[in-house]
Amino acid sequence: MERQPSGIRDLLIVDDDPDIRINLRDIFEDLGFSIDTAVDAQEALTLARSRRYQVLLVDFRMPGMDGVRLVEQMQHLCPEAVPIMITAHLGSSEFPDRAQDLRFPVLPKPIDVGRLLPLVEKALAG
Amino acid sequence: MEQQLNRFVAVMETAVDAIITIDSRGRMEMVNPATERMFGYASDELLGRNVSILMPSPYREEHDRYLKTYLRTGVKKIIGIGRQTMGRRKDGTEFPIHLAVSEFHEQGERKFAGIIRDISDLRQAQDELQRLNQELEERVAERTAALERAQELLIAKEKLAMLGQVAGGIAHEIRNPLNVIKTSTFFLLNARTATEEKRHEHLQRIDRQVHLINAVISALADVARMPTPVRRAVALAPLLQSIVATTEMPSSIEVVLEASLAELPCVSVDAEQMTIVFRNIIRNARDAMPQGGMLRIDGHADGESVTVSISDTGIGISSEAAPRIGQPMFTTKARGMGLGLAVSYAIVQRNGAHIDFDSVPGQGTTFRIVFPVES
């Protein structure tokens with residue numbers, strides 16, 4: 001599969017909740033982003049093989065591979081993509097201790113888009 | 001006679017106990033050396049005086065009256081009985097004694113002989129024993145209290161752990177719909193290019209999520225207050241058909257309702273509650289087959305019971321998860337509170353039926369609900 005030239009504002013949303021995928025797509029498309037969505041880590045990895053993303057918006061808890069492991073694998077495949085994680089489990093025992101060692105931002109659900117947008121802008125600027 | 005007297009004197013002189021005789025008015029007529037040692041008086045300080053000087057208050061004041069009452073009524077309080085009481089030394093100090101009194105007659109007068117043993121050592125030993133006993137009791141009570149505290153703490157910790165698990169499950173199930181509501185709201189408030197159609201779509205989405213949150217709360221309320229089943233004769237085949245028809249099912253899953261179901265006799269259950277059970281098991285079977293497969297519902301009846309089997313060709317239940325199936329808040333799903341089977345197990349039990357399962361990881365799972373046949 002031939003790689004497309006990298007876009008300026010390419011964002012990949014990975015979340016198993018269809019409503020969240022649509023909502024984040026609507027919000028970011030309205031802001032002029034080019035959006036792909038994936039239902040799980042497997043689909044996200046497949047997409048990342050054919051397109052270079054600047055930002056990855058990843059849910060932590062998904063069927064199959066969780067968000068943290070997906071980001072680890074993405075960093076080999078798409079090292080320039082800046083990950084941002086979203087979780088309903090921040091501060092709970094379900095979210096792994098390794099979250100403290102993560103080198104990317106983790107936002108709690110429900111998402112405060114007002115907080116998310118500057119993080120995305122910063123990722124694009126960096 | 002002289003020999004007897006010598007013996008008597010020897011006994012008096014060598015006795016460790018104080019020996020005193022008194023006349024009918026209480027005056028001391030004879031005291032032995034042990035009396036002098038015990039009470040600190042010389043014998044000439046005692047002879048002829050009232051024996052009450054050897055007693056502390058209130059015995060001292062009451063002794064004359066006791067004596068008179070005894071001489072008049074013959075009611076014995078000490079004589080021939082012996083008792084523990086208190087003595088008083090010359091220096092005013094008091095000490096515990098054992099007193100034995102006997103009566104004798106001399107030239108027509110009623111007289112009394114008392115033998116007094118200083119029981120300070122005994123009393124001290126008793127006191128010490130009592131103190132040790134009390135100390136032991138205190139230590140036992142202390143230790144018991146400590147153990148009770150530890151137990152309470154443990155129970156509190158377990159409750160807290162359970163509460164944490166419940167709260168975590170609820171938080172997840174409510175935060176996801178809240179997440180959708182919040183992002184839809186952001187879109188509605190901020191989107192520059194939103195069409196009327198898009199706005200409507202987001203409002204509908206918000207409405208759906210509110211229902212989802214409400215369903216979570218209803219499920220919790222059901223657990224907290226499960227109503228008593230209203231059992232009636234229920235035909236299982238039409239019930240299962242309507243549940244399958246109203247349960248979301250991807251096209252990759254083939255659902256087979258076996259003909260055997262139609263031949264099952266009616267069972268006595270609460271149809272609404274059993275709907276919850278069947279729907280939960282059918283949904284679990286569906287969720288176990290993300291790549292598709294076959295969901296098969298079969299029936300079997302013999303003289304004693306009616307069995308409904310719900311089988312899937314899904315991922316199966318691991319040996320680690322199997323013992324925890326049916327425990328509240330245990331789930332292997334990415335989304336779910338772990339209430340479905342816990343509620344189902346409770347409902348089945350309250351409807352007089354029972355539930356079990358077989359599973360082969362990688363091949364599939366069969367849940368069986370067994371109803372007793374109505375006699």
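In what follows, chains carry the letters A, B, and so on, assigned in the order in which the sequence lines appear, proteins first and then strands, with residues in each chain numbered from 1. Just so we're clear, the structure is a prediction, and the values are computed from it rather than from any experiment. Quick note: numbers below take in every heavy atom, side chains included, and nothing from hydrogens, waters or symmetry partners.
A distance of 7.5 Å separates CG of B:N179 from CG of A:D17, quoted to the nearest 0.5 Å. If you take CZ on B:F187 and CG on A:L24, they are separated by 11.5 Å, rounding to the nearest 0.5 Å. The structure places CG of B:N176 at 7.5 Å from CG of A:D15, a figure rounded to the nearest 0.5 Å.
In A:E29, the CD atom is crowded: over 12 heavy atoms of neighbouring residues, nucleotides or ligands sit closer than 6.0 Å. No more than 12 heavy-atom neighbours from other residues, nucleotides or ligands sit within 6.0 angstrom of CD on B:E272.
Taking every heavy atom of both residues into account, A:D19 and B:Q209 meet most closely at OD2-NE2, 2.8 Å. Nearest heavy atom pair, residue A:P110 against residue B:R175, reads CD-CG, 4.2 Å.
Counting only heavy atoms from C-beta outward, the side chains of A:V113 and B:K182 never approach each other to under 4.5 Å. Residues B:F186 and A:L117 meet the side-chain proximity criterion, which asks for heavy atoms closer than 4.5 Å.
In this structure, chain A has a heavy atom under 4.5 Å from the side chain of B:R205, while its backbone stays farther away.
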*Which is it for B:L178 and A:K109 under the side chain to side chain contact (heavy atoms under 4.5 Å, CB included) test, yes or no, and what are the steps along the way?*
CA-CA 8 Å; B:L178 281 181; A:K109 282 184 188 177; over 6 Å; no
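Contacts with chain B were tallied for A:I111, A:D30, A:I27, A:L116; A:D30 has the most, counting heavy-atom pairs under 4.5 Å. Contacts with chain B were tallied for A:I22, A:N23, A:I20; A:N23 has the most, counting heavy-atom pairs under 4.5 Å.
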